[in-house]
Amino acid sequence: MRLRNKKWAQPWLENHTDLVIDQDHAVALKGNWQDLFAKKQPLQIEIGTGKGQFIIGMAKKYPEINFIGMEIQEAAIAVAARKADEDETSLPNLKFIYGDGAGVDTYFAKGEISKLFLNFSDPWPKTRHETRRLTYKSFLKSYQAVLPAGGEIEFKTDNRGLFEYSLYSFANYGIKFDPTGISLNLHEDTDLMANNVETEYEEKFSAKGFPIYKFTGSFN
């Protein structure tokens, strides 16, 4: 869902380039992202970070990991970054990219990312829009180009159709699944919920009783 334009977003982003990296700068940083963080530690990214609830929650929960939230909408990335900037907890392990996540390999080098999160991506339900789904094979190829052997992708959605499509797409691409990491109703799975960090959409849909689907896969 696209947010309404926010007049404050552009000037705010222009004044916080240390926190939000624009697309051109992100390309130039390929292979050197650790230089931006206070500590060199594993780097994980979320593609389509929205208003930032998940990536901020992860950065707070796991200070021993560096995180990057990617978002193409100006209003959304501004809301997420400002939320992180104003949080009472200092988050030196969190940055944002204001840019297109279509080809993550244009921003990151092979093995530079240890894990990738896809949360509540646009399902693009019409068949003619299949190539826009973030679990389509061309996207999987770009993910493989930045993850190490054994690198993980974690996927969550409320959309059963996208979930089933994505399982098939991942399996067809040769991605291995962790059997214990697949859930057809995440919020009723005590083990998986133990370390779960919610997104805005997840919080909203689960509160209405909708099942949340999740799986974790890894490249060989």
Side-chain angles (χ1 to χ4, degrees), residues 1-122 132 134 139 142-143 145-148 151 153-154 197-202:
M1 183 180 293
R2 184 167 292 274
L3 298 181
R4 292 181 179 179
N5 291 333
K6 298 184 181 297
K7 293 181 179 179
W8 59 266
Q10 184 177 350
W12 192 94
L13 290 170
E14 290 175 350
N15 287 319
H16 292 82
T17 55
D18 58 329
L19 179 59
V20 184
I21 315 304
D22 66 30
Q23 194 159 291
D24 291 340
H25 189 196
V27 172
L29 281 167
K30 184 175 181 177
N32 297 291
W33 281 96
Q34 292 289 352
D35 294 342
L36 290 188
F37 293 93
K39 296 180 181 179
K40 292 186 177 182
Q41 45 195 22
L43 180 59
Q44 301 182 0
I45 65 172
E46 180 189 21
I47 297 179
T49 204
K51 293 187 286 186
Q53 180 171 307
F54 174 82
I55 203 70
I56 292 171
M58 290 293 286
K60 295 170 77 170
K61 187 177 179 69
Y62 301 103
E64 72 279 7
I65 297 173
N66 291 330
F67 292 95
I68 294 176
M70 296 184 63
E71 177 58 52
I72 195 171
Q73 287 190 56
E74 181 181 76
I77 196 72
V79 168
R82 189 169 75 169
K83 190 185 301 181
D85 186 57
E86 296 176 351
D87 196 279
E88 61 183 15
T89 303
S90 176
L91 298 172
N93 62 328
L94 177 60
K95 301 290 182 182
F96 296 89
I97 294 176
Y98 175 27
D100 190 354
V104 292
D105 52 329
T106 63
Y107 307 124
F108 302 102
K110 178 65 176 179
E112 194 168 19
I113 303 301
S114 63
K115 188 171 183 177
L116 188 151
F117 300 94
L118 300 174
N119 292 317
F120 297 84
S121 309
D122 192 326
R132 300 182 186 182
L134 293 185
F139 288 98
S142 73
Y143 306 154
V146 302
L147 289 166
I153 298 179
E154 184 176 296
V197 175
E198 289 187 317
T199 76
E200 291 90 354
Y201 282 117
E202 181 177 356

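Numbering of residues begins at 1 and proceeds along the displayed sequence. Everything numeric in this text was worked out from a predicted model, so none of it was measured.
- Minimum interatomic distance between A59 and L94 (heavy atoms only, all atoms of both residues): CB-CB, 4.0 Å.
- Atom CD1 of I77 is separated from atom CZ of F96 by 6.0 Å, given to the nearest 0.5 angstrom.
- In this structure, the separation between CZ on F37 and CG on N93 is 7.5 Å, given to the nearest 0.5 Å.
- Side chain of D85 to backbone of A81: no donor-acceptor contact under 3.5 angstrom is found.
- Note on D105 versus K110: no salt bridge recorded, every NZ/NE/NH1/NH2 to OD/OE distance being 4.0 Å or above.
- Between the side chain of K95 and the backbone N or O of D18 there is at least one donor-acceptor pair closer than 3.5 Å.
- Formation of a donor-acceptor pair under 3.5 Å by the T106 side chain with backbone atoms of G103 is found in this model.
- At distances below 3.5 Å, at least one donor-acceptor pair connects side-chain atoms of E200 with backbone N or O atoms of Q53.
- Between A9 and A78, the shortest heavy-atom distance links the atoms CB-CB, 3.6 Å.
- Looking only at atom types and distance, the side chain of N66 has no donor-acceptor partner in the side chain of Q44 under 3.5 Å away.
- Residues M70 and E46 form no side-chain contact, since every pair of their non-hydrogen atoms from C-beta on lies 4.5 Å or further apart.
- Residues P42 and Q34 approach most closely at C-NE2, 4.5 Å, considering heavy atoms.
- With values rounded to the nearest 0.5 angstrom, I97 atom CD1 is found 4.5 Å from I68 atom CD1.
- For Q41 (side chain) and P63 (main-chain N/O), a donor-acceptor pair under 3.5 Å exists by modelled atom type.
- Remark: the backbone N or O of Q73 is paired with a side-chain donor or acceptor of E71 at under 3.5 angstrom.
- When side chains are defined from C-beta on, V79 does not count as touching W12, because their heavy atoms never get closer than 4.5 Å.
- You'll find the side chain of K60 reaches within 4.5 Å of the side chain of D87, heavy atoms only.
- Rounded to the nearest 0.5 Å, atoms CD1 (I65) and OG (S114) are 6.5 Å apart.
- W33 is listed as a side-chain neighbour of E112, based on a closest heavy-atom distance under 4.5 Å.
- Checking side-chain atoms of K115 against main-chain N and O of E154 turns up no donor-acceptor pair under 3.5 Å.
- In this model, no donor atom of one side chain and acceptor atom of the other lie less than 3.5 Å apart for E202 and N119.
- For residues 20-31, every residue pair satisfying the side-chain hydrogen bond (donor to acceptor under 3.5 Å, both in side chains) rule, not counting sequence neighbours, is listed here: Q23-Y107.
- The minimum heavy-atom distance linking V104 with S142 is given by the pair CG2-O, 3.5 Å.
- With contacts defined as side-chain heavy-atom distances shorter than 4.5 Å, the pair L118/F139 does not qualify.
- Looking at L36 and I21, their side chains come closer than 4.5 Å, going by heavy atoms from C-beta outward.
- Put simply, the side chain of F67 does not reach to within 4.5 Å of the side chain of L91, judged on heavy atoms.
- Remark: L19 CG to R82 CZ distance equals 12.5 Å, nearest 0.5 Å.
- Ion pair E198/K61 not flagged as a salt bridge, since none of the NZ, NE, NH1 or NH2 atoms sits closer than 4.0 Å to an Asp/Glu carboxylate oxygen.
- To the nearest 0.5 Å, the span separating CG on D122 from CZ on R132 amounts to 9.0 Å.
- Applying the side chain to side chain contact (heavy atoms under 4.5 Å, CB included) rule to S90 yields the partners P92; only residues at least two apart in sequence or on another chain are considered.
- Side-chain atoms of F117 and I45, non-hydrogen and from C-beta on, never get closer than 4.5 Å to each other.
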